[in-house]
Amino acid sequence: MKVKFSRKILLPAGILLLFSFVRLIFSSQFNTESDHRRFYLLLFYGAAVFISACCIFNLKKLNAVLAALSVVLMPIAGFLLFETLQGNILSIVKGKSILVIVFNVLLFAFIYLLFLLVFRKMRTGMIVGTLLIFIFGIANYFTVMFRGKAIMPQDILNFSTALSVAGKYEWKLTARFFAGTALTVALIVYWMKTTGYVSGRKIKAIYLVLLVADFVLIWTQFYRNNAAGIEVSAFSIQNSYEEYGLLPVDVMAMKKMKVQEPEGYSPEYVENLAEKYPVENTSVDLPQNVIVIMNEAWSDLSVFDNFSTDVEVSPFISSLRENTVSGHAYVSAFGGGTVDSEFEFLTGNSIYAMPLGSTPYQYYINTPDFPSLPQYFKNLGYETVAYHPFSTTNYNRLQVYNNMGFDSFYADEDFEHDLLRYFAKDESDFENLIRIFENKKSEKLFVFNVTIQNHGGYTYDNNDFPSTIHVKDHEGEFPNAEQYLTLINMTDNAFSNLIRYFSAVDEKTVILMFGDHQPSLEDDFYSVFWGDNEGEYNKKYESSYVLWANYDLDVSGMKDVSLNYLASLMLETTGFDLPGYSRFLTEMSKDYPVINMNGYIDGNGNYSNWDEKSELPESIRDYSRLQYNYMFDAAERPSNFYWSLKKQ
């Protein structure tokens, strides 16, 4: 008996075989997310069956009713595709409010209707819309993987910065990646097999009416009246994404991104407040050189319970005693967001008071003579130098540093750098700091250095960089953590050479080094050593600092604080006159030593996050008013208050 294999049998069988082969190759990825793997697997093979059906049946005969039904279902498919890639689809669907799902679908409907109007052909509009959703979904998928938080609207301005370091990370493919990709392919195949109906004037008018109606519904019911009850958490916006979906949260976050005048604010109130903090002329024994190093991802992981290593990570810094103090610096970033820490240190402001998710370097520091720490030193006759061994365009630093008062900005092209993994070594970085000192153009020098050796992407597997530090009782279990710890150990060695050099320098020199954020490591690492204790949320936001001087210095005034206070405490400790704003900050640090984007800690160690407190302490409310005046009401700034001293 002769068996005849037709195309209708071979084609779907081949597709299913191909999908099974992919699943076999990446079987470990399909089994990594145990809670959702059945759903992802079902979606993966469901897409394969759908593609097979599209290849068997003649979709060119699709009638108008089925075509219209397809258009209606596409926003649902887009929502399913996008949130599957994010891993949020089941948590959103299982949520309490059907209106959250409606809001999501309406947003994806807006995208598809827009492309239907632009391209006129149904097929083209649907395919382009689907590809756009997929590309954005994949971009966000990797963004969360790399830095631990999703893309927000303002991140578009940081796109070039993200691209410059993206290749340094490990790109992991998970079950949801394959499920979302398979669904994308299925939708594209479906529309490629249709006739691609051309929209006439009447159809185009219908699309336009639907687009306007969709926008009005989104604007009136969901954006203005918040019918879906979406709460954008300042405490953890990632939790909001998981509960409501990325697009609705980003849309609602736009409300908070608006610059809002704090309650009780007025220029007169700020002027009266500023008068309470006059400058006191007490400068004594000032250093000739002040070197500040913001060290990429430098932190002390021993803040986590039961964490230890087989070899001491930073033996030199731990051994420093004379004219030295070290402690914890609380930050507003985790795994990324270097520029937020930079902003907090150089201005004394806190990210918590900025519009939600905004990047001040991209938005607000756009005028010359912007009040800042380098402007303070420049007014005192110091040469002010910025140095970062990477691109000058990252985070708009070239323009920002110029506006802040830096005399010069040295970057990767200005010095030779020895590379480790893909980045300049701290040893090379610190050697260039010495070159800057030796070639200074003034008797007095202020340097602000942003390092990059310890940048994320701790998956370098070349034999020339073995991990020499291991997590005790978990050796080999957390390779990212062990590579990171090895890098920190190298920072300690490089710092020892820097200190030894300046120990022999006759000029009085102060060196402050602090970390901008903790690294993004394996999820299991944080599960083992920290768990899900929300009451200790700031443990992931504890960085480190060390202050050293090559002359006798009373460092008893330094303490564990958040970064917005650190510059003012450094000035106070080293004998500089404090500007009024710095005096305000040092006074407030006594009652509230920690303030960051998540919340604040009072002098008794009690932690409160911003979402829990309806009535803030008056000093923190005053801080918000001062920051608003500082950042957004420049014409009404009190004279000689923010980072300036009265001329003698």
Quiz item: Looking at the rings of Tyr607 and Tyr600, which for Trp means the six-membered one, are their centres under 6.0 Å apart?
Solution: no
Quiz item: Relative to the ring of Tyr623, is the ring of Tyr352 parallel (under 30°), tilted (30 to 60°) or perpendicular (over 60°)?
Solution: tilted
Quiz item: CD of Glu413: more than 12 outside heavy atoms within 6.0 angstrom?
Solution: yes
Quiz prompt | NZ/NE/NH1/NH2 to OD/OE distance under 4.0 Å, Glu615 and Arg621 | solution = yes
Quiz item: When rounded to the nearest 0.5 angstrom, what is the spacing between CZ in Phe502 and CZ in Phe430?
Solution: 11.0 Å
Quiz item: Any donor-acceptor pair under 3.5 Å linking the side chain of Ser428 with the backbone of Ala424?
Solution: no
Practice problem: Report, as yes or no, whether the 6.0 Å neighbourhood of atom CD on Glu263 holds more than 12 heavy atoms from other residues, nucleotides or ligands. | Solution: no
Self-check item: Distance flag, aromatic centroids of Tyr526 and Phe304, threshold under 6.0 Å
Solution: yes
Quiz prompt | Audit row: Arg637, Glu271, salt bridge (Lys or Arg N to Asp or Glu O under 4.0 Å) steps and yes/no | solution = CA-CA 8 Å; Arg637 289 175 187 154; Glu271 186 72 41; over 6 Å; no
Quiz item: Does the pair Glu342/Arg397 count as a salt bridge with the N-to-O cut at 4.0 Å?
Solution: yes
Quiz item: Hey, mind stepping through Phe334 and His517 against ring pair (Phe, Tyr, Trp, His ring centres under 6.0 Å) and telling me if it holds?
Solution: CA-CA 5 Å; Phe334 170 76; His517 55 73; 7.9 Å; no
Self-check item: Point-to-point distance, once rounded to the nearest 0.5 Å, from OG1 of Thr486 to CG of Asn454
Solution: 10.5 Å
Practice problem: State whether a side-chain donor-acceptor pair under 3.5 Å links Tyr484 with Ser299. | Solution: yes
Exercise. State, without any angle test, whether Asp407 and Thr384 hold a side-chain donor-acceptor pair at a distance under 3.5 Å.
Key: yes
Self-check item: Min side-chain heavy-atom separation Val385-Leu445 under 4.5 Å
Solution: yes
Quiz item: Is the closest side-chain donor-acceptor distance between Asn295 and Asp516 under 3.5 Å?
Solution: no
Quiz item: Using a distance-only test with no angle check, is there a side-chain donor-acceptor pair under 3.5 angstrom linking Glu572 and Ser582?
Solution: no
Quiz item: Between Tyr630 and Phe370, does a ring pair (Phe, Tyr, Trp, His ring centres under 6.0 Å) hold up when you go through it step by step?
Solution: CA-CA 9 Å; Tyr630 184 162; Phe370 185 85; 5.7 Å; yes
Practice problem: Go through the steps to decide whether Tyr387 and Asn432 satisfy the test side chain to side chain donor-acceptor pair (under 3.5 Å), and finish with yes or no. | Solution: CA-CA 9 Å; Tyr387 167 46; Asn432 290 328; 2.9 Å; yes
Quiz item: More than 12 foreign heavy atoms under 6.0 Å from CD of Glu275: is that the case here?
Solution: yes
Practice problem: Could you tell me whether a side-chain N or O of Trp643 sits under 3.5 Å from a main-chain N or O of Thr347, the two making a donor and an acceptor? | Solution: yes
Self-check item: Salt-bridge criterion met for Glu587 and Lys276 (N-O under 4.0 Å)
Solution: no
Practice problem: Mark yes or no for whether Asn564, through its side chain, and Glu344, through its backbone, hold a donor-acceptor pair below 3.5 Å. | Solution: no
Quiz item: Strictly under 6.0 Å, is that where the ring centroids of Phe377 and Tyr382 end up?
Solution: yes
Exercise. Please tell me if the side chains of Phe576 and Val290 come closer than 4.5 Å, counting only heavy atoms from C-beta onward.
Key: yes
Quiz item: Under 3.5 Å, side chain of Asn550 to main-chain N/O of Val505, donor-acceptor pair present?
Solution: yes
Quiz item: Among side-chain atoms of Asn596 and Ser332, is any donor-acceptor pair under 3.5 angstrom?
Solution: no
Quiz item: Going by heavy atoms in the side chains, are Thr491 and Met513 under 4.5 Å from each other?
Solution: yes
Quiz item: From Phe448 CZ over to Met404 CE, what is the distance, rounded to the nearest 0.5 angstrom?
Solution: 8.5 Å
Quiz prompt | Carboxylate-amine/guanidinium contact Arg625 Glu618, below 4.0 Å | solution = yes
Quiz item: CD1/Ile317 to CG/Asp492 distance, rounded to the nearest 0.5 angstrom?
Solution: 4.5 Å
Quiz prompt | Parallel, tilted or perpendicular: rings of Tyr642 and Tyr581 (30°, 60°) | solution = perpendicular
Self-check item: Test side chain to side chain donor-acceptor pair (under 3.5 Å) applied to Thr338 and Glu296, step by step
Solution: CA-CA 7 Å; Thr338 294; Glu296 173 68 34; 3.1 Å; yes
Practice problem: Would you give the length of the straight line joining atom OG1 of Thr451 to atom NZ of Lys425, rounded to the nearest 0.5 angstrom? | Solution: 14.5 Å
Quiz item: Has the side chain of Asn609 got a donor or acceptor atom that lies under 3.5 Å from a matching backbone atom of Gly599?
Solution: no
Self-check item: side chain to side chain donor-acceptor pair (under 3.5 Å) assessment of Asp340 paired with Tyr361
Solution: CA-CA 8 Å; Asp340 289 344; Tyr361 271 29; over 6 Å; no
Practice problem: Give a yes-or-no answer on whether the side chains of Asn403 and Asp369 include a donor-acceptor pair shorter than 3.5 Å. | Solution: no
Quiz item: Taking the six-membered ring for Trp, are Phe345 and Phe514 ring centroids under 6.0 Å apart?
Solution: yes
Quiz item: Quick one: are the ring centres of Tyr410 and Phe415 less than 6.0 Å apart?
Solution: yes
Self-check item: Between Asp560 and Tyr330, a side-chain donor and acceptor under 3.5 Å
Solution: no
